[in-house]
Amino acid sequence: MTAKLNVSDFLHGGDYNPEQWLDHPEIIDQDFNFFKEANINDVTVGIFSWAQLEPEEGKFDFSWLDDIFDRAEAQNGHVILATPSGAKPRWLADKYPEVLRTNEDGSKNIFGERHNHCYTSPVYRQKVQEINRKLAERYGHRKSLILWHISNEFGGSCYCDLCQGAFRDWLKAKYHTLDNLNRAYWAKFWSHTYTSWDQVHSPSPLGDQTLLGLNLDWKRFVTDRTIDFYEAEIKPLRELTPNIPITTNFMGGNPPESHVHYDLDYQKFAQHVDIVSWDSYPNWANDYESTAHLAMKTALMNDVMRSLKHQNYLIMESTPSQVNWHPYNRAKLPGMHQMGSLQQVAHGADAVNYFQLHQSRGSSEMFHGAVITHQLSDKTRVFKEVAQVGQDLVNLKPAKVTHHQAAKVAIVYDYDNMWALDDSRNYSNETKKYWRTIQEHYQYFWEHDIPVELISTQDDLTPYTLVIDPMHFMMSEAFTEKLRDYVQQGGHLVGTYMTGLVDKNFLAYLGGWPKALHDVYGVEFQETTTLYPKQHNHVAAFDKTYTVNDYADTVTVDTAQSLATYQDDFFAGSSALTKNTCGKGTAYYVAARTEEAFLEDFYDQLADEFGLKPELPIEKQGPTVSIQVREKAGQQFFFVINFSEKPATVTTTKSLTEVLSGQNVAAGAQALKPFDVKVYTV
Ligand code: GAL
């Protein structure tokens, strides 16, 4: 069952904790006035309010929340109502200690912090359902309620006996017999053979950490367990408010790597939410990369979130200025707030929400950036920049119905693969860097304004002209066949070093690659050389020579054609890049990790050959300006963003309207200030 988010404006608002200010009603009055001024049209409430909503077991106090709904409705605002399970009240932990989380080493937490409950505990599930039912009964009919926000940033895992039992049940359902389990885990190794299900225990520093199949299954189980808990949470909401959509705020893109979220398989989880929302905290203005480089990584993360359901999504949290948990908590420079906020909209976000609307006065987040800070003023730089974005979103209303332009290019990524590769006890833990590799492949397309979808192995490949499948170390046989079908039917595929080595059980493929993979690439994998950081090989290709870093596969060429050769080492002269025709399509195998210039030249050729470059009425001069397109039924909005502290110029090739200013512009040069954003439409 899914429900749709029914709002016609872009959302602009975010986390609001009025329960911290109940003895200061004048502050709440002023907050709502300031919201109006900054075009803030939604508040996300109740996230960590359980102790305020249910001060004693079974005794509820909704008066303060009623008041917030009334205030929001009085100014035609929307409410995103959170379920409070992310932080439990003390009475709950005191009375029912089973709800407290147990750590990997078996130690049990005492009450404290947040996000630390057991996902299996029947008591916790029951208590959560009770409070959620009350919330749905009381607020389900309010006209301002647009969305349920389930808990907060689900994460972590519990290792208590209840969870161990659930893990064993999960394994029984998967493997049916102990023989199957022993075979899958290659358990004869080091005499690990299981003779009873009770012997199965999660990976532990005190026990097993080297059964690679077990490690991977535990990670898969943690995702399934979290989803199971989430499904239990939403039961009363689905029952009482079937038309109110449900989301939970995902994470990702945090510094320094801007890595996709690691611990939970969001490709799976996303199938259970009605709309994807996520918390975006890039560290703009850092000292180790250009703004454009971080913009590329952040663009990728937005594309990841959009691609989870191939739909528009919401920014559930972002900071108006700085956070309090980066290694250095620098505020955004003037203009960066608009730049970063509208970048998200450009990629398909329908909301720019903040953590937080009003800065908390004490405790750990008291200095985290907020729309309304301790100054209690609408005259701060941050407030004014937030209000500017609020106005922008109002001006952009005609673009609300649009979607990010459909991509012809897809990059595959896969959680099982990411986890397995990291746990592979091979290569170098310092340099594997799966996500960075994905960023490196994405970079060319971002710099050339070519839309990219980030897809899972479950997705249909046929909408794409080009599918890029980097470092696909753990690949199911089913997926090898899917790749072959795709290419045979005319698709174009790029694969790289470290591909197709183990099956879904983490067992090596015997006798070489699965046949379908061999058919598709027309080469046979031989071995991977792991280079030390100071060692390099070189590749001769496209009349140039490129440096090879970290990894070099050697392959024997069968039906493929060799497009590049290694220059050094014992494999000098062998193929480093191959192209194979398979049915109506082609497949390229990039055997080595190279400097970025190689990928740039390689993808430039493919982009020309396959007609991937979009036709835009705006020309740019360099990669630090990004142009993203949102469109629907012939109407297009071109988001032009200068990700640089230097001014830039773009050329419009016909007369256009600039939506943020409402001005018509003639064809010709258009100046962009540092970090500037223009949105053009025809
Ligand atoms: C998020 C969290 C919020 C707040 C914020 C601070 O991860 O969901 O509750 O702590 O970080 O940046």
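Remember, it's 1-based here, ligands and their atoms both numbered in the order they're listed. This chain uses plain numbering: 1 for the first residue, then up along the sequence.
- By the 6.0 Å and 45° rule, Arg101 stacks over the aromatic ring of Tyr119.
- A side-chain hydrogen bond (donor to acceptor under 3.5 Å, both in side chains) with Ser277 is found for exactly one of Asn249, Thr247, Thr44, namely Thr247.
- A salt bridge is defined here as a Lys NZ or Arg NE, NH1 or NH2 lying under 4.0 Å from an Asp or Glu carboxylate O, and Lys219 with Asp224 fails to meet this definition.
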Anything under 3.5 Å between an N or O on ligand 1 and a protein N or O? List each pair with its distance, or write none.
residue  : atom   : partner : partner atom : Å
ligand 1 : 7 (O)  : Glu153  : OE1          : 2.5
ligand 1 : 7 (O)  : Glu153  : OE2          : 2.7
ligand 1 : 8 (O)  : Asn152  : OD1          : 3.4
ligand 1 : 8 (O)  : Asn152  : ND2          : 2.9
ligand 1 : 8 (O)  : Glu153  : OE1          : 3.3
ligand 1 : 8 (O)  : Glu153  : OE2          : 3.3
ligand 1 : 8 (O)  : Glu317  : OE1          : 3.3
ligand 1 : 8 (O)  : Glu317  : OE2          : 2.8
ligand 1 : 9 (O)  : Arg114  : NH1          : 2.9
ligand 1 : 10 (O) : Arg114  : NH1          : 3.4
ligand 1 : 10 (O) : Arg114  : NH2          : 2.9
ligand 1 : 10 (O) : Glu365  : OE2          : 2.3
ligand 1 : 12 (O) : Tyr281  : OH           : 3.4
ligand 1 : 12 (O) : Trp325  : NE1          : 2.7
ligand 1 : 12 (O) : His368  : NE2          : 2.6

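- Partner of His347 under the side-chain hydrogen bond (donor to acceptor under 3.5 Å, both in side chains) criterion, chosen from Asn302, Asp303, Thr298: Asp303.
- A salt bridge (Lys or Arg N to Asp or Glu O under 4.0 Å) with Lys127 is found for exactly one of Glu57, Glu54, Glu98, namely Glu57.
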Anything under 3.5 Å between a donor and an acceptor, one on a side chain of residues 333-343, the other on a protein residue two or more places apart or in another chain? List them.
residue : atom : partner : partner atom : Å
His337  : ND1  : Lys332  : NZ           : 2.9
His337  : NE2  : Tyr354  : OH           : 3.0
Gln338  : NE2  : Asp392  : OD2          : 2.8
Ser341  : OG   : His337  : O            : 2.8
Gln343  : NE2  : Ala295  : O            : 2.9

